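Read through the structure below, which is laid out as structure tokens, and then see the notes.
Fair warning: this is a prediction, and the values are worked out from it, not measured in the lab. We count residues from 1, following the sequence as given.
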Amino acid sequence: MSYVDDVIASVSAKNANEPEFIQAVEEVLESLRPVVEQDDRYEKAAILERMCEPERIVSFRVPWVDDEGKVQVNRGFRAQFNSAIGPYKGGIRLHPTVNQSIIKFLGFEQTFKNSLTGLPIGGGKGGSDFNPKGKSDGEIMRFCQSFMTELYRYIGGDTDCPAGDIGCGAKEIGYMFGFYKRIIGRYDNGALSGKGIPYGGSLGRTEATGHGAVYFTEKLFESLGRTIKGTTFALSGFGNVTWGVADMINKLGGKVVTVSGPDGYVYDPDGISGEKVDYLVEMRSSLRDRCEDYADKYGCEFHKGEKPWGRVKADIYMPCATQNEIALEDAERMVAEGTCRVLVEVANMPTRAEAVKCLKDAGFVIAPSKAVNAGGVAVSALEMSQNAMKLSWTEKEVDDRLKNIMYNIFNNIDAAAREYGMEGDLIAGANIAGFKKVADAMLAQGIF
Ligand code: GLU
């Protein structure tokens, strides 16, 4: 057995009840075969084994009192995966599906993503199985304060800087920051990013993930001889990321025809633009988690319980919802439908391994999420820099940096794939480029 096979076998055995984590590890390690085969320093220093084991993971009780006076108990997590190139950095996901497998897969992916940004940030991820759906502001605040009562021990501007993710936006970050500051008795605003503008947030952070994903796509399109102008996009999700993607696609002259929620997808052939894009924000902040509201308001088709993949005509599919939303049957439908030949993943790991294989075999260009959605965490790192320097950049200054970072990510992963004879395989390119910087930093720092 080769080094990569050995590590995949041992990680799978050790983490047998964590399927999402195993899926992420397998995908990355498969891409790294040529790199570790050409250079035995990685095997000698057990770099792959160490990268697959979080430096630390904490799990804790989060008790809070609901509006009826009943005590609720959730489980909180923080995985501090890798600090070779900087303090741990990554979001906090608040969703009922959160468990250790999800947090570990996200923390593992984050290490590579953060490395791709070119900024000094290590990989981490946290969250809780708390469900924000239908909760009052008071309930959300009490949950966030209880969560922070434990989390504060592990974070700090030079240690670990959490931010938002699914179910955790500016409101939740505000409640967490307020309580963190009270517990530690200092204004350490580098300990959380995605903060509001009046207290150290960065301009442009809210739209960064979505806008960054479209900047990346611009560069990808350039390499394919296409433009965003005149192109039709099918998106999933309707939260902050979908909103940012739709906003920038419209700005660059493209057309968005679908968005989706857990209840089904909307098909709007006239294009989701203008006030309809703003309405997505309203839908998300209602905490109803319901996409049919859009179809009711704008009188367009709603497809209950379905996703748009292979069911609508679009040039590009951009899944922006959550992990594993494209299964093998969706991929087969996409291939059979025949219009779309490009999948730009925005959500983390939205495509199941069998579906990726099916699409690759059919000649699809696949842009992996760890590259595409890195703009969010990149602007979070810019927020940390602004906090450290005690200054604020203008929206244009942040946007120029974001654009530059996203263009560089495309160029670097494209070049990494070429260097190892896998031209056009952006998944391999992202894994290789993300790996090398972290692995070389680990080699230089000895065994830790
Ligand atoms: N949750 C986002 C991510 O997964 C943002 C993390 C951050 O800004 O630290 O990259």
Side-chain angles (χ1 to χ4, degrees), residues 166 209-210 213-214 217 220-221 226 228 230-250 252 254-273 276-277 279-281 283-284 288-352 354-356 358-360 362-369 372-373:
I166 294 172
T209 310
V214 181
T217 307
L220 166 66
F221 270 27
R226 309 174 61 155
I228 295 203
T231 297
T232 302
F233 292 77
L235 313 184
S236 63
F238 68 93
N240 170 261
V241 173
T242 309
W243 162 78
V245 169
D247 179 55
M248 187 48 73
I249 289 173
N250 281 301
L252 298 179
K255 186 183 197 183
V256 177
V257 291
T258 66
V259 290
S260 76
D263 53 336
Y265 78 90
V266 161
Y267 180 57
D268 187 347
D270 295 338
I272 300 170
S273 61
K276 294 170 172 175
V277 178
Y279 185 62
L280 300 181
V281 180
M283 259 161 61
R284 175 52 67 202
R288 283 155 59 84
D289 211 9
R290 191 169 180 276
C291 193
E292 197 171 358
D293 289 354
Y294 181 102
D296 293 344
K297 189 168 164 76
Y298 296 108
C300 57
E301 283 175 33
F302 181 73
H303 298 263
K304 217 180 174 62
E306 290 183 342
K307 295 270 182 194
W309 322 127
R311 294 193 168 96
V312 300
K313 256 196 195 337
D315 303 306
I316 315 289
Y317 288 146
M318 286 179 91
C320 305
T322 190
Q323 71 273 351
N324 286 333
E325 60 164 310
I326 301 181
L328 180 58
E329 68 208 58
D330 299 306
E332 287 169 347
R333 211 181 313 104
M334 284 158 70
V335 173
E337 197 281 325
T339 311
C340 167
R341 282 290 171 267
V342 183
L343 175 71
V344 175
E345 297 185 335
V346 190
N348 292 306
M349 207 169 77
T351 321
R352 289 180 183 272
E354 322 79 72
V356 172
C358 165
L359 295 173
K360 261 190 168 174
F364 269 65
V365 173
I366 306 178
S369 49
V372 176
N373 73 24

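Side chains of Glu292 and Lys304 form a contact here, defined as non-hydrogen atoms less than 4.5 Å apart. Using a 4.5 Å cut-off on side-chain heavy atoms (C-beta onward), Tyr294 and Cys300 make contact. Using a 4.5 Å heavy-atom threshold, the side chains of Gln323 and Asn348 count as separate. Using a 4.5 Å heavy-atom threshold, the side chains of Ile326 and Leu343 count as touching. Using a 4.5 Å heavy-atom threshold, the side chains of Ile366 and Thr351 count as separate. Side-chain contact check for Phe221 versus Ile316: some heavy-atom pair is nearer than 4.5 Å. Using a 4.5 Å cut-off on side-chain heavy atoms (C-beta onward), Val342 and Arg226 make contact. Val312 places none of its side-chain heavy atoms less than 4.5 Å from the side chain of His303.
With rounding to the nearest 0.5 angstrom, the CD1 atom of Ile228 is 11.0 Å from the CG atom of Asn250. Summarising the geometry, atom OH belonging to Tyr265 is positioned 10.0 Å from atom CZ belonging to Phe302; distances are rounded to the nearest 0.5 Å. Between the CD atom of Glu329 and the CH2 atom of Trp309 there is a distance of 14.0 Å, given to the nearest 0.5 Å.
What you find for Ser236 and Ala321 is that their closest heavy atoms are OG-N, 3.5 Å. Looking at every heavy atom in both residues, Phe233 comes nearest to Gly254 through CE1-CA, 4.5 Å. Between Met283 and Arg290 the shortest heavy-atom distance is CE-O, 3.8 Å. The shortest non-hydrogen separation linking Gly264 to Cys291 is O-CB, 4.0 Å. When all heavy atoms of Tyr317 and Ala234 are compared, the pair lying nearest together is CD2-CB, 3.3 Å. Thr339 approaches Ala314 most closely through the heavy-atom pair CG2-O, 3.6 Å.
In this structure, the side chain of Asp289 does not engage the main chain of Gly261 through any donor-acceptor pair within 3.5 Å. Remark: side-chain polar atoms of Glu337 are not paired, donor with acceptor, to backbone N or O of Gly310 under 3.5 angstrom. With hydrogens and angles ignored, the 3.5 Å screen pairs no side-chain donor or acceptor of Asp247 with any backbone N or O of Trp243. Although no hydrogens or angles enter the test, the distance criterion places a donor-acceptor pair under 3.5 Å between the side chain of Thr258 and the main chain of Leu235. Not one N or O on the side chain of Thr209 forms a donor-acceptor pair closer than 3.5 Å with the backbone of Asn373. Side-chain N or O atoms of Lys255 include one that pairs as donor or acceptor with a backbone N or O of Pro269 at under 3.5 Å.
The ring-ring contact (aromatic ring centres under 6.0 Å, His included) pairs that include a residue from residues 328-349 number zero, where partners must be two or more places apart or lie in different chains.
Comment: Lys307 does not engage Asp330 in a salt bridge, judged by the lack of any side-chain N to carboxylate O separation of less than 4.0 angstrom. Remark: Glu354 does not engage Arg352 in a salt bridge, criterion side-chain N to carboxylate O under 4.0 Å. A salt bridge is absent between Arg341 and Asp315: the closest approach of a Lys/Arg side-chain nitrogen to an acidic carboxylate oxygen does not fall below 4.0 angstrom.
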**OP:** Verify side chain to side chain contact (heavy atoms under 4.5 Å, CB included) between Met334 and Phe364, making sure each step is shown before the conclusion.
**Re:** CA-CA 10 Å; Met334 284 158 70; Phe364 269 65; 4.0 Å; yes
Original post:
Run the side chain to side chain contact (heavy atoms under 4.5 Å, CB included) check on Asp293 and Tyr279 step by step: do they pass?
Top reply: CA-CA 10 Å; Asp293 289 354; Tyr279 185 62; 3.7 Å; yes
Subject >> Check against side chain to side chain contact (heavy atoms under 4.5 Å, CB included), Tyr298 and Ile272 >> reply: CA-CA 10 Å; Tyr298 296 108; Ile272 300 170; over 6 Å; no
**OP:** Step by step, work out the side chain to side chain contact (heavy atoms under 4.5 Å, CB included) result for Arg284 and Thr242.
**Re:** CA-CA 11 Å; Arg284 175 52 67 202; Thr242 309; over 6 Å; no
